[in-house]
Amino acid sequence: MTKELPSAYDPKQTEEKIYELWEKSGYFNPDNLPISKSSKLKAKSYCVAVPPPNVTGSLHMGHALNATIQDILIRKKRMEGYKTLWIPGTDHAGIATQNVVEKDLKKQGVSRHDMGREKFLEKVWEWKEKYGNIILNQFKKLGSSMDWSRTRFTMDENYQKSVAAAFNHYHEKGWLYKAERVINWCVKDQTSLSDLELEYKEEKGKLWYIKYLLLEKSKVQSQKSKVNPNYQLPITNYIVVATTRPETMLGDSAVAVNPKDKKYKNLVGKKLLLPIMNREIPIIADKEIDMGFGTGAVKVTPAHDLLDARIGEKHNLPIYKVIGPLGKMTEEAGARFAGMKTAEARGKIIEELKQLGLIEKEEDYTHNIALCYRCGGIIEPLPSLQWFLKMDELAKIAISAVKKGEIKFHPQNWEKIYLNWLENIHDWNISRQIWWGHKIPLEGENDVLDTWFSSALWPFAALGWPTACQQSQKSKVKSQKNICEPIPGSDLEQFYPTQILSTARDIINLWVARMVYSGLELTGEKPFTDVIIHATILTKEGKRMSKSLGTGIDPMILIEKYGADAVRFGLIWQAMGGQDIHWDETAVVAGKKFANKVWNIARFILQQTNNPQLTIDKLQLKNTENKKIIAKLSETKKSIEKYLDEYEFGQALHTLYDFIWHDLADKYIESSKKLNDKESKQTLYYCLLEILKLLHPFMPHLTEEIYQNLPSKNKDLLMVEEW
RNA sequence: GCGCGUUUAGCUCAGUGGUAGAGCGUUUCAUUGACAUUGAAAAGGUCGCAGGUUCGAUCCCUGCAACGCGCACCA
């Protein structure tokens, strides 16, 4: 006889206990899985490397959704008999982590400079220990069936070897170079940043129109511009340029116009006198200049603007560094301005220009300013000696893998974002002037690598690359391609390439694209086959969830309130078609009610059947009601499988919910009460077993708990029951 | 500026070339027997706006609007 189950399902009595049961079984580790002898999938592996969360804090709703998505896929594949591995881990997250630790120290009135590099790094490691473990435990709370014996950290000992191997590979290929280039410099963090590490904020500013005097008298005729009818070139001896940053004029080395621009045609090649600096600068022609903007004439500051740097290089213009790394004017800006903050210098310059009568006009102007994606501080473009990775070849192979369909995005339209970036890519500035990170593996180098350089290696580094590679004939012959020949039986051989990469859309280029080319180049294989871009979770009003704004929701609080299965249900219930989710807690409420419904369905069926039969012969069923529910059940199963194959998780769950609640409980169970015969009881029991299996990937604790209370079962755990 | 997405019930969202669906909420009734975290029923929507294709459009096409997002070297 079955023991009496309580009438309400209580996740608090269940979830922790069940998770321990799973962990004790060892089945999270694919090496311990009872791979069925009969299965044709015997040797097939299925691997997902979790996107390692930053060790800056704790999991947010996006992590919870993503973990649930991956756990659904992993659990289903495990039940289907695949040798299934889900690798857990965390990311050291260079600048982000350095910033939170600095902020934490600041509360005690200490700066990292007070402490010194070594002492500070000790503090960061302490932080990592604490928060890294919190994150891993939160994954457990969600019910994630990860193999904890394979937990990785992007700065653990072996990972350092991976990073060094990758760096050396690129070095040998001649794709790494050190050069002084205009890069994005974060004044607050005192480090360079790549183009992707910026955020843009709209800011109201001014557009100043400044007169630059011609040194020779010209014979220009007055004529109207077609593009900007309001602007009329006066018959005078000056050119007007428009700028939002007058302080950079101290570093001007030319004024550029479009070669097609008729109003300036006769002026190209003539000289101007740069105001204040009284420097002679040429008027040059470059087709990158937009004739329609401002006056059509642009001041060129090669040191402090990315476009100007390119134009300067093309035209061999001298570089005047007038803004320093601290965001202050340099000596080169002249003694009057040296040491001033840029904003202060700007005011001073405007004032002087006004006195000189060189300001033609000023307009209100709204433009985007670049900010650091980690600290929100000002970005100054300035020349700096940095390491760069050449992107031409790498971008090419990453583009081709997606265009050929070897790697697929779901939903597919995200491929555009990926391709658009790769097709217009610049060399990657990979050095950072912070303390926390992988040191550049060369003698005498103090900088660390962009945190995304190591993240880019995640799927194969987490599986043991390059330690798990061996020298082979193949790799000698194809030395050009650096094919890694994995040692037989190694994780790398068994689980690489991985199958799925599930992540948020904001790191498609920052991370996904870089994993693709790194994997293809370093291992000779794509790192994964399918990229799932899951929904972004917003507040109910459609605003960004953010801790600092107080609009964030802590998934752990929801778990405490409703249970992990209900939270998983609520997340997936809302995950429809990759659309952004306007978070609605009532979906979690529905999940909690549903868990209770399933619990009571099980309770009822177990009360009915004391001698259950695991299988039924569908063809032998005599009663129409029984036949109908069994047919509906297999239809539901097919539909769920189809949706999951398409990564339509929400649809799959809605389908299952409808079947269980409305078909099975509302209709069939009610009619079975009237039948009350052996055949219908067998049918009931069969349905119970099937819904437990179908629902297990979505709500694993609940279903496992019920399974553990069945009088007869095939396997010791539902987790490894045959799908 | 270029591109993408969204617009359906009070709220959050599914969906279909032919009498519109779910969850939550609301209203009424039921209930000692799996479940009140329940059951039965009801109210509630000219499916953003304007054209077009069609026998027929919420669905396909065009335009517009609102909101959101991404990209860009807008000086």
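Quick note on labels: first sequence line is chain A, next is B, and so on, each numbered from 1.
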Q.
Tell me which pairs pass ring pair (Phe, Tyr, Trp, His ring centres under 6.0 Å) where either residue lies in residues 658-691 of chain A, with sequence neighbours left out.
A. Y657(A)-W661(A)

Q. What nucleotide, of rA14(B), rA34(B), rC69(B), holds the atom closest to the side chain of M576(A)?
A. rA14(B)

Q: Using the P atoms only, state how far rA40(B) lies from rU46(B), rounded to an integer number of Å.
A: 28 Å

**Q.** Between rC13(B) (P) and E648(A) (CD): distance, integer Å
**A.** 16 Å

Q: Pick the P atom in rG48(B) and in rG10(B), then give their distance to the nearest Å.
A: 13 Å

Q: Write down the distance separating the P atoms in rG51(B) and rA14(B), rounded off to the nearest Å.
A: 28 Å

Q: For the pair F409(A) and Y418(A), evaluate ring pair (Phe, Tyr, Trp, His ring centres under 6.0 Å) and give the outcome as yes or no after the intermediate values.
A: CA-CA 10 Å; F409(A) 280 74; Y418(A) 170 98; 5.2 Å; yes

Q) Which heavy atom of T248(A) sits nearest a heavy atom of H304(A), and at what distance? A) CG2-CB, 4.4 Å

Q: Indicate whether OP1 or OP2 belonging to rG23(B) is found under 4.0 Å from a side-chain N or O atom of K593(A).
A: no

Q) Would you say the side chain of E288(A) lies within less than 4.5 Å of the side chain of K314(A), judging by non-hydrogen atoms? A) yes

Q: Compute whether any side-chain donor of one residue and acceptor of the other, for E197(A) and Y373(A), lie under 3.5 angstrom apart.
A: yes

Q.
Give me the distance, rounded to whole Å, that separates rA50(B) from rA65(B) when you measure between the C1' atoms they each carry.
A. 10 Å

(Q) Do D565(A) and T703(A) make a side-chain contact, defined as non-hydrogen atoms from C-beta onward lying under 4.5 Å apart? (A) no

**Q.** rG23(B) to rA41(B) separation - P atoms, rounded to the nearest Å
**A.** 13 Å

Q: For residues M329(A) and A345(A), report the shortest heavy-atom separation together with the two atoms involved.
A: CG-CB, 3.5 Å

Q: On RNA chain B, check which nucleotide each of D658(A) and K540(A) is closest to and give me the residue with the more 5' one.
A: K540(A)

Q.
To check you understand the geometry: which heavy-atom pair defines the closest contact between V322(A) and E247(A), and what is its length?
A. CG2-O, 4.4 Å

**Q.** Donor-acceptor under 3.5 Å (T301(A) side chain, A303(A) main chain)
**A.** no

Q) Paired with rG44(B) by Watson-Crick or G-U wobble geometry, both distances under 3.5 Å: which nucleotide is it? A) none

Q. Looking at CD of Q651(A) and CG of L644(A), how far apart are the two atoms once the value is rounded to the nearest 0.5 Å?
A. 11.0 Å

Q: Return the nucleotide paired to rU54(B): Watson-Crick means purine N1 to pyrimidine N3 with N6-O4 or O6-N4, wobble means G-U with N1-O2 and O6-N3, both under 3.5 Å.
A: none

Q: Report the distance from atom CD of Q412(A) to atom P of rC4(B), rounded to the nearest whole Å.
A: 15 Å

Q | Whole-Å distance separating the CD atom of Q607(A) from the C1' atom of rC35(B) | A | 11 Å

Q: With heavy atoms under 4.0 Å as the rule, sort E585(A) into base, sugar-phosphate or nothing.
A: nothing

**Q.** Identity of whatever pairs with rU38(B) - Watson-Crick or G-U, under 3.5 angstrom
**A.** rA30(B)

**Q.** Integer angstrom distance from the C1' of rG45(B) to that of rU7(B)
**A.** 14 Å

Q) Which part of the nucleic acid, if any, lies within contact of A590(A), taking any heavy atom under 4.0 Å across all strands shown: a base, the sugar-phosphate backbone alone, or nothing? A) sugar-phosphate

Q.
For rA72(B), give the paired nucleotide (Watson-Crick: N1-N3 plus N6-O4 or O6-N4; G-U: N1-O2 and O6-N3; both under 3.5 Å), or none.
A. none

(Q) Once you apply a heavy-atom cut-off of 4.0 Å, does F594(A) come out as touching a base, just sugar-phosphate, or nothing? (A) nothing

**Q.** Interatomic distance at P, rG56(B) relative to rG18(B), whole Å
**A.** 14 Å

Which protein N or O atoms sit under 3.5 Å from an N or O of nucleotides 71-75 of chain B?
{"from": "rA72(B)", "atom 1": "N6", "to": "N368(A)", "atom 2": "ND2", "distance (Å)": "3.1"}
{"from": "rC73(B)", "atom 1": "N3", "to": "E288(A)", "atom 2": "OE1", "distance (Å)": "3.4"}
{"from": "rA75(B)", "atom 1": "OP2", "to": "Y365(A)", "atom 2": "OH", "distance (Å)": "2.5"}
{"from": "rA75(B)", "atom 1": "O3'", "to": "T243(A)", "atom 2": "OG1", "distance (Å)": "3.1"}
{"from": "rA75(B)", "atom 1": "O3'", "to": "T244(A)", "atom 2": "N", "distance (Å)": "3.1"}
{"from": "rA75(B)", "atom 1": "N6", "to": "D290(A)", "atom 2": "N", "distance (Å)": "3.3"}
{"from": "rA75(B)", "atom 1": "N6", "to": "D290(A)", "atom 2": "O", "distance (Å)": "2.4"}
{"from": "rA75(B)", "atom 1": "N1", "to": "D290(A)", "atom 2": "N", "distance (Å)": "3.2"}

Q | rA66(B) - base-pair partner by Watson-Crick or wobble geometry, distances under 3.5 Å | A | rU6(B)

Q: Measure distances between side-chain N and O atoms of K597(A) and base N and O atoms of rC35(B), and say whether any donor-acceptor pair falls under 3.5 Å.
A: yes

Q) Does any nucleotide pair with rG17(B) by Watson-Crick or G-U wobble geometry, both distances under 3.5 Å, and what is it? A) none

Q.
Is the distance between the ring centroids of F569(A) and F594(A) under 6.0 Å?
A. yes

Q | RNA chain B contacts made by residues 661-671 of chain A, counting heavy atoms under 4.0 Å | A | W661(A), H662(A), A665(A), D666(A), I669(A), E670(A)

Q | Whole-Å P distance, rC49(B) and rA57(B) | A | 15 Å

Q) Quick one: is rG15(B) close enough that its OP1 or OP2 comes under 4.0 Å of any side-chain N or O from Q651(A)? A) yes

Q: Scan every strand shown for a Watson-Crick or G-U wobble partner of rA22(B), both distances under 3.5 Å, and answer none if you come up empty.
A: rU12(B)

Q. Would you say a side-chain N or O of H582(A) is under 4.0 Å from OP1 or OP2 of rC11(B)?
A. no

Q: Measure across A504(A) and I533(A) and return the closest heavy-atom pair with its distance rounded to 0.1 Å.
A: C-CG2, 4.3 Å

Q.
Check the phosphate of rC67(B) against K543(A), side-chain N and O only, distance under 4.0 Å to OP1 or OP2. Yes or no?
A. no

